[in-house]
Structures are given as C-alpha cells and as structure tokens.
Colleague: 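Here it is, the structure, as structure tokens.
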Protein chains: 2
Amino acid sequence: MKRAKQVTIYDIAKNVQVSPATVSRALKDHYSISKETIQNVKKAAKQMGYFPNTPASSLRSKKTNTIGVMVSRINRPFISTLISGVEEVANSKGYHVFIAQSEDMTQKEISNARAMFSARVDGLIVSLAMETHDYGHFDVFLDSGTPLVFVDRVPANMAADKVVVDNYEAAFKMTQHLIEQGCNRIAHFGGAQHRDVYRLRKEGYLAALKQHNLPIDESLMIYSNLGAEEGLEMTQRLFDLPVPPDAIFSANDTAAVSAIQFAKDKGIAIPKELAVAGFNNDRLASIIAPALTTVANPAFDLGKAAASQLFAQREENDMVASNTTVLKTELIVRESSLKKGR
Amino acid sequence: MKRAKQVTIYDIAKNVQVSPATVSRALKDHYSISKETIQNVKKAAKQMGYFPNTPASSLRSKKTNTIGVMVSRINRPFISTLISGVEEVANSKGYHVFIAQSEDMTQKEISNARAMFSARVDGLIVSLAMETHDYGHFDVFLDSGTPLVFVDRVPANMAADKVVVDNYEAAFKMTQHLIEQGCNRIAHFGGAQHRDVYRLRKEGYLAALKQHNLPIDESLMIYSNLGAEEGLEMTQRLFDLPVPPDAIFSANDTAAVSAIQFAKDKGIAIPKELAVAGFNNDRLASIIAPALTTVANPAFDLGKAAASQLFAQREENDMVASNTTVLKTELIVRESSLKKGR
DNA sequence: TTGTAGGCGTTATCAT
DNA sequence: ATGATAACGCCTACAA
C-alpha cells in the first residue's frame with residue numbers, strides 16, 4: 001500500500017518556478033536550458049525525492065530503454081555468463097535488460113515473447129528453447145521493426161540476425177583430436193537435432209569420422225536435453241551395448257561430467273578405457289578429475305556481440321536483410337582425452 | 001525503426017463496433033461484459049495482432065505487474081537458483097521479474113535501486129552487495145510503501161522483511177563436525193564481516209571453537225569476496241604460516257573448491273593433512289575429488305519464500321513492523337572432511 | 001532560453 | 001451491459 005504520492009515534474013516546476021517542460025528538459029541536460037536552471041531543477045528534484053516515472057516516459061516517447069533477453073534457463077554457467085555480456089553492452093548505452101526463461105518449453109517461450117512485446121522492449125535477444133521449431137511468435141518483432149538478434153541457439157531457415165560460434169568446425173576438431181588419441185569407437189551425446197547448434201556439432205563429428213574412414217554407428221548417438229541426470233542415463237545406455245564406446249564427445253560439459261562420474265563409479269578408467277570430451281568449458285570442466293577436455297565457448301563475448309549487433313541494427317539501412325556473426329572457439333585439451341600424452 | 005504502427009483498443013473498438021472502454025474490459029474478462037462481446041473482442045484482437053501496451057497500462061493503473069530482484073551476480077549457481085525460485089512464485093501470480101546485478105559494487109546497487117523504483121516495480125527483493133553498509137537507497141521503497149524483502153545477504157540493524165537461513169547454527173555444526181574429526185587448528189574463509197550472513201558464519205565457527213576449548217588464532221581467519229582466485233590466494237597465505245591449519249571452513253563452496261585444488265596441486269593430502277568444508281552445496285561440491293563437505297543452502301526455497309513474503313506484505317495490516325523467515329540448512333558430509341570415517 | 005498545449009494508450013469513474 | 005470522459009506523468013512540436 002503506497003502512502004506518500006509520488007513527486008512529478010509538475011511539483012518540481014512549482015518549486016523552482018519554471019514550467020514542467022523546462023523541468024523535463026533540464027533533467028536530461030537539454031542543450032537549450034541554462035546551466036543555472038539545470039542546477040536548480042536538479043537540486044530541487046533531488047531534495048524532493050523525485051524519481052522519473054519510466055512507464056509514463058516510455059508511453060510518451062515510445063522508447064523503454066530496455067532490451068529483452070530470452071533464454072532457456074539462467075542457472076547454467078554458459079547462459080548466465082552470456083547474459084552478463086549482454087548487460088555490459090546494454091548498460092554502457094543506458095539500457096536495462098529484461099530476462100525471461102523458457103525452461104526449454106516452447107509454450108513458455110511464446111508467452112514470454114508476448115510479454116516482451118507488450119513491454120515494448122527496444123530490442124530482443126533470443127536463445128531458443130530446445131524444442132522450438134516454429135518461429136511465428138517472433139514475427140511481431142520483425143513486422144514492427146523491433147531489432148531482433150538470435151544467439152547460440154538460433155533458428156534454422158530464418159533470415160534473421162544471428163551470433164554463433166562455428167559449431168561444425170569445433171566438433172570436427174574435437175572428434176579428430178579423439179581419433180588422433182587412438183579412439184575408433186566414438187559416441188556422441190547430442191541435443192535436439194532441429195536446433196542448429198546441436199545438429200552442426202553432430203555433423204562435425206560425423207564428418208571427422210568419415211574423413212578418417214571410421215564406421216558410423218547410430219547406436220552410439222544419443223539425444224537428450226543434456227542435463228546432469230540425462231548424462232548418467234545416456235552413459236548407462238552406452239555401456240549396456242554389446243560393444244561399448246572407447247570415447248564420448250558430448251555436446252555440453254554438463255553431460256560430459258556426468259559421463260566421467262559414471263565411469264569413475266563403475267571403475268572404468270579415463271581416459272584409458274574411455275576418453276571423454278565436452279563443450280563449453282564451464283568451471284566444472286577444469287575441476288573434475290580427470291579434468292575434462294572441452295571446447296572453449298566464448299559465452300561473454302557471444303552476449304556482447306549479440307547486444308552490439310542489436311544496437312547496430314537500429315542504425316542500419318533497410319537493405320540489409322540479415323547478418324550472421326561467427327565467433328571463435330578453442331580446443332581445450334585436458335586429461336580426460338589424453339591417451340597418448342600431448 | 002518501427003514501421004507498422006501498433007494496434008490499440010481504439011482500433012479494436014472500431015472493428016467490433018463497441019467503445020474502447022468495453023474493449024478494455026472485455027480483454028480482461030470483466031464480469032459486466034457479455035460473453036458474446038468478450039468473444040468478439042478477443043477474436044478481433046487476435047486477428048488484428050493486438051498486444052497490450054504495458055507502459056500505458058502501468059501508467060494509468062499504477063501497477064506494473066513486475067517485481068524487481070537485485071543480486072550481486074547471476075552467474076553463480078546459488079544466486080541463479082534463488083532467482084528461479086522467485087520466478088516460480090511471481091509467474092504463478094502473473095508477475096514478471098526484473099533482474100539487476102550489482103557485481104558487488106555498492107554504487108551499482110544504488111543506481112539499480114533507482115532504476116527499479118523509476119520502473120515502478122510492485123515489489124523488490126534484494127540480496128545485498130558485499131560492501132554495502134548504508135541502506136539509504138532503499139528508503140524510497142519503504143516511504144512509498146512498496147513491498148521490500150531482503151534475502152540471504154540481508155542488512156544488519158534494519159527493521160525490514162528478511163528471509164535467511166540460520167547461518168550461525170550451520171557454521172557451528174560444521175565446525176563441530178571438523179573438531180569431531182580430530183581437527184584442532186581450523187582456519188576460516190570469511191566474506192565481508194558487516195554482511196550478516198558472513199559474520200554469523202564466523203561467529204558460529206568461533207562459538208564451536210570456544211565450546212571445545214580450542215585456541216582462537218586471528219591469523220587463521222581470512223576475508224575476501226570468496227571468488228575462485230581469492231580462494232587460491234587465501235590458501236596460499238595459510239600455508240605460508242609457520243604452522244598451517246589442519247582444516248579450512250570456507251563460507252562458500254567456490255573458495256573451498258579452490259582450497260582443494262591448491263592442496264592437490266601441492267601434494268597436501270585431503271582430508272588427512274587438511275580437511276575442507278564449504279557452504280552452499282553447489283554442483284561443484286559433489287563433483288570435485290575428494291567430494292566437498294558442505295552445508296546445503298536451500299537457494300530455490302529462499303527465492304520462493306522471499307517472493308511469497310513479498311506478496312504477503314501487500315495484504316498485511318500496517319501494524320506488522322517486520323518479519324524474518326528462517327529456512328533450514330543441512331550438513332552434507334563428504335570425503336573432504338572425513339578423517340575418521342563416519 | 002523558456003512556455004503552451006496536446007497527446008501517447010490505457011483504465012477508472014460516473015453516467016446511461 | 002455499455003459509453004463518455006478524464007486522467008495517469010511525461011515529452012515535444014510550436015510558439016514566444
């Protein structure tokens with residue numbers, strides 16, 4: 001229950017003996033207002049406990065100074081770091097960030113998109129939910145000309161701004177590394193295959209197998225949401241096979257770490273009997289023993305790039321249809337894959 | 001650059017041949033509007049691509065349906081999980097959550113508080129920055145009657161709603177556990193001591209030492225922000241002492257894990273030569289080898305409780321000065337402290 | 001350099 | 001069950 005009613009520019013105007021318009025301008029250091037008036041206004045504003053009313057300002061100016069970020073869930077190191085990157089750029093431009101989690105449910109993503117548009121965010125950055133394959137809920141942003149950038153989990157077959165890493169190449173190199181370490185029965189933990197980021201990781205993996213003339217065995221490819229639980233289950237399934245794999249390349253670190261835990265639990269030697277590699281380079285990867293070989297995924301820079309591209313969109317002329325930024329990854333080789341030493 | 005101008009309730013009104021007021025009511029299922037009109041309005045709204053203008057609605061109704069959450073940083077498991085708890089409750093009541101990070105800087109916290117108030121959030125949940133010790137920037141919420149709840153890192157000496165765990169008791173039990181394992185030179189990694197949560201953990205630690213007649217040695221207590229880097233440095237300092245400790249009780253898992261890493265690196269046996277205990281029960285704790293003894297901190301429930309208490313505040317009569325909810329913790333004993341077995 | 005006045009889209013009040 | 005009207009707080013042409 002509110003008590004004191006809020007201070008408005010009218011109150012300040014009365015106090016300083018100028019018009020509300022002057023107050024409005026003075027508070028934003030408008031060039032046409034005298035230094036003195038600006039000082040007086042600001043002093044009064046402070047003393048009276050004035051706080052601008054953002055909704056009112058947004059309504060009138062059609063600018064909210066807010067950008068939206070939609071992700072699967074924030075309690076994953078990769079995602080929360082990515083968001084920090086977005087915030088860094090946004091805050092430096094005087095924008096705030098509105099975050100929404102889909103929990104990997106398309107339905108929640110749709111409702112979040114609605115809420116974001118209703119809030120009239122000045123731009124939207126999206127990393128898609130695992131299962132989303134219809135992108136109609138983003139049309140309203142395109143139609144209204146609201147800047148929209150996809151990052152990491154981007155849509156296939158949609159002309160839109162995107163910021164990604166070269167997942168194919170990273171996966172190819174990682175698989176090649178495992179092959180060079182002497183593995184020839186390499187399993188893969190993948191995410192939903194209509195999600196480009198996961199499809200490309202699998203394709204890079206397949207390409208490396210082919211290039212080295214290794215057989216392709218469907219029973220070695222398992223798909224899930226790549227959570228910690230799922231990682232254990234997937235590993236169990238692999239070791240229920242008549243011939244278990246001698247390596248696992250997981251599309252994320254969470255599941256890879258579970259694989260290591262499973263192996264340790266069952267007395268399977270890593271990397272001797274089973275080499276393991278992940279993707280992301282979470283802190284977990286360097287802490288588990290043996291330390292996890294993985295791909296350094298530049299989460300913070302992805303966030304920064306996505307935000308930068310969002311702001312760039314507003315300046316661009318309308319001829320630019322779409323723009324994809326690709327950031328670099330790096331292979332991080334640790335003990336979990338070193339059968340031969342370096 | 002926006003193109004199509006937005007659809008408003010006026011457009012719908014014209015289309016359906018009713019007044020804007022009726023449209024407004026129909027869209028919210030107002031009881032006085034006929035089923036038929038409601039249907040017509042909603043159908044037209046959908047077909048015309050109508051999205052309510054939240055800023056306009058907020059301005060007029062003085063309700064934003066948004067609550068703010070201010071934390072140090074979201075890319076920590078404890079924090080992001082806590083936020084998920086807040087979201088669960090908030091979303092179930094039709095509220096959205098606005099998140100701001102202080103990065104443990106008081107200055108940023110102050111500016112975030114301003115932004116939150118300007119956005120006219122309907123309530124605010126705060127976990128304080130490490131260094132904050134003046135709480136004046138929250139006065140405006142109290143004065144205006146905006147519900148305010150502190151969680152985890154709560155202010156000392158301030159009559160306000162709080163949600164915490166019993167840090168003193170948890171720390172006492174943990175220290176006692178270390179003593180029972182035969183440790184008698186127990187070090188402590190603490191956070192800023194004006195932050196209740198860290199002060200109480202230290203006091204619990206001290207109380208346990210006293211109760212067991214162990215000497216108190218200031219050189220064994222080190223304070224920092226408890227990051228991964230700091231954890232290594234603090235451990236280094238302990239092992240530079242003439243007589244290093246035989247146990248470390250860290251006020252969080254991050255620094256505790258660093259201590260284990262340091263020990264492994266230097267060939268110090270855990271728990272034989274050095275027992276280690278943390279606080280929070282992050283996933284890290286169960287993954288590092290040896291697994292980390294720690295205190296299960298109910299992050300998700302803290303978030304849920306904070307949000308529930310926030311919504312409860314609005315109903316309460318004004319006589320209630322303040323309310324503190326205390327949640328349970330649990331000692332999680334793992335290998336890192338088991339000198340004697342269980 | 002400052003003031004006047006109208007309107008942003010919605011909802012609350014009062015009327016019918 | 002529905003309409004007319006004013007107001008929420010701010011911004012911005014246009015005027016002075």
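First the proteins, then the strands, lettered A, B, ... as listed; each starts at 1.
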Colleague: Below 3.5 Å, does any donor atom in the side chain of B:Arg60 face an acceptor in the base of C:dT10, or the other way round?
Modeller: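 Not at all, since no donor on one side and acceptor on the other fall under 3.5 Å apart.
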Colleague: Would you call B:Val326 and B:Thr324 a side-chain contact if the rule is heavy atoms closer than 4.5 Å?
Modeller: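 Contact flag for B:Val326/B:Thr324 side chains = yes.
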Colleague: Measure CZ/A:Arg120 against C1'/C:dT10 and give the value in whole Å, please.
Modeller: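 Interatomic distance, CZ of A:Arg120 to C1' of C:dT10: 11 Å.
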Colleague: Closer to the 5' end of DNA chain C via nearest nucleotide, is it A:Ala21 or A:Tyr31?
Modeller: A:Tyr31
Colleague: Roughly how many Å is it from NZ in A:Lys35 to P in C:dT1, rounded to a whole number?
Modeller: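 So the NZ-P distance, A:Lys35 to C:dT1, works out to 9 Å.
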Colleague: How is B:Ser34 classified with respect to the nucleic acid when contacts are heavy atoms under 4.0 Å: base, sugar-phosphate, or nothing?
Modeller: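 Sugar-phosphate contact only.
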Colleague: Looking at C:dT2, I'd like to know if its phosphate oxygens (OP1 or OP2) sit under 4.0 Å from a side-chain N or O belonging to A:Thr37.
Modeller: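 Affirmative; the distance criterion is met.
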Colleague: Hydrogens and angles aside, do A:Thr325 and A:Gln309 bring a side-chain donor and acceptor to less than 3.5 Å of each other?
Modeller: yes
Colleague: Using a cut-off of less than 4.0 Å, is there contact between a side-chain N or O of B:Tyr50 and OP1 or OP2 of C:dT10?
Modeller: yes
Colleague: Kindly indicate whether the side chain of A:Arg73, heavy atoms from C-beta on, has any atom under 4.5 Å from the side chain of A:Ile79.
Modeller: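 Contact flag for A:Arg73/A:Ile79 side chains = no.
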Colleague: Just checking B:Lys63: base, sugar-phosphate only, or nothing, at a heavy-atom cut-off of under 4.0 Å?
Modeller: nothing
Colleague: One thing to verify: whether A:Asp29 and A:Lys35 come together as a salt bridge, which I'm taking to mean a side-chain N less than 4.0 angstrom from a carboxylate O.
Modeller: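 Salt bridge: no.
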Colleague: DNA chain D: B:Val18 or A:Pro52, which has the more 5' nearest nucleotide?
Modeller: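 In this pair, the answer is B:Val18.
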Colleague: Under the ring pair (Phe, Tyr, Trp, His ring centres under 6.0 Å) rule, what pairs show up with a residue in residues 12-33 of chain A, not counting sequence neighbours?
Modeller: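 As it turns out, there is no ring pair (Phe, Tyr, Trp, His ring centres under 6.0 Å) pair with a partner in residues 12-33 of chain A once direct neighbours are skipped.
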Colleague: Specify whether B:Phe117 and B:Phe141 have parallel, tilted or perpendicular ring planes, treating 30° as the upper limit for parallel and 60° as the lower limit for perpendicular.
Modeller: perpendicular
Colleague: Rounding to an integer number of Å, can you tell me how far B:Ile9 CD1 sits from C:dT11 P?
Modeller: 6 Å
Colleague: Could you give the CD-to-P distance, from B:Gln6 to C:dT10, as a whole number of Å?
Modeller: 6 Å
Colleague: Base, sugar-phosphate alone, or nothing: which one does A:Thr8 contact when heavy atoms must sit under 4.0 Å apart?
Modeller: sugar-phosphate
Colleague: Just to confirm, is there a sub-4.0 Å distance from OP1 or OP2 of C:dG9 to any side-chain nitrogen or oxygen of B:Ser57?
Modeller: no
Colleague: Between A:Ser19 and C:dT2, is there a side-chain N or O to OP1/OP2 distance below 4.0 Å?
Modeller: no
Colleague: Going 5' to 3' along DNA chain D, between which two nucleotides do contacts with chain A fall, using a heavy-atom cut-off of 4.0 Å?
Modeller: D:dG9 to D:dC14
Colleague: Given atom NZ of A:Lys62 and atom C1' of C:dG7, what is their separation to the nearest angstrom?
Modeller: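 So the two atoms are 10 Å apart, to the nearest Å.
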Colleague: Side-chain donor or acceptor of A:Arg25 under 3.5 Å from a matching atom on the base of C:dG3?
Modeller: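 Under the 3.5 Å cut-off, the side chain and the base do form a donor-acceptor pair.
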Colleague: Please report, rounded to the nearest Å, how far the P atom of C:dT11 is from the NE2 atom of B:His30.
Modeller: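 That distance rounds to 11 Å.
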Colleague: Between A:Asp152 and A:Val197, is the side chain to side chain contact (heavy atoms under 4.5 Å, CB included) condition met? List the steps.
Modeller: CA-CA 7 Å; A:Asp152 187 48; A:Val197 62; 3.9 Å; yes
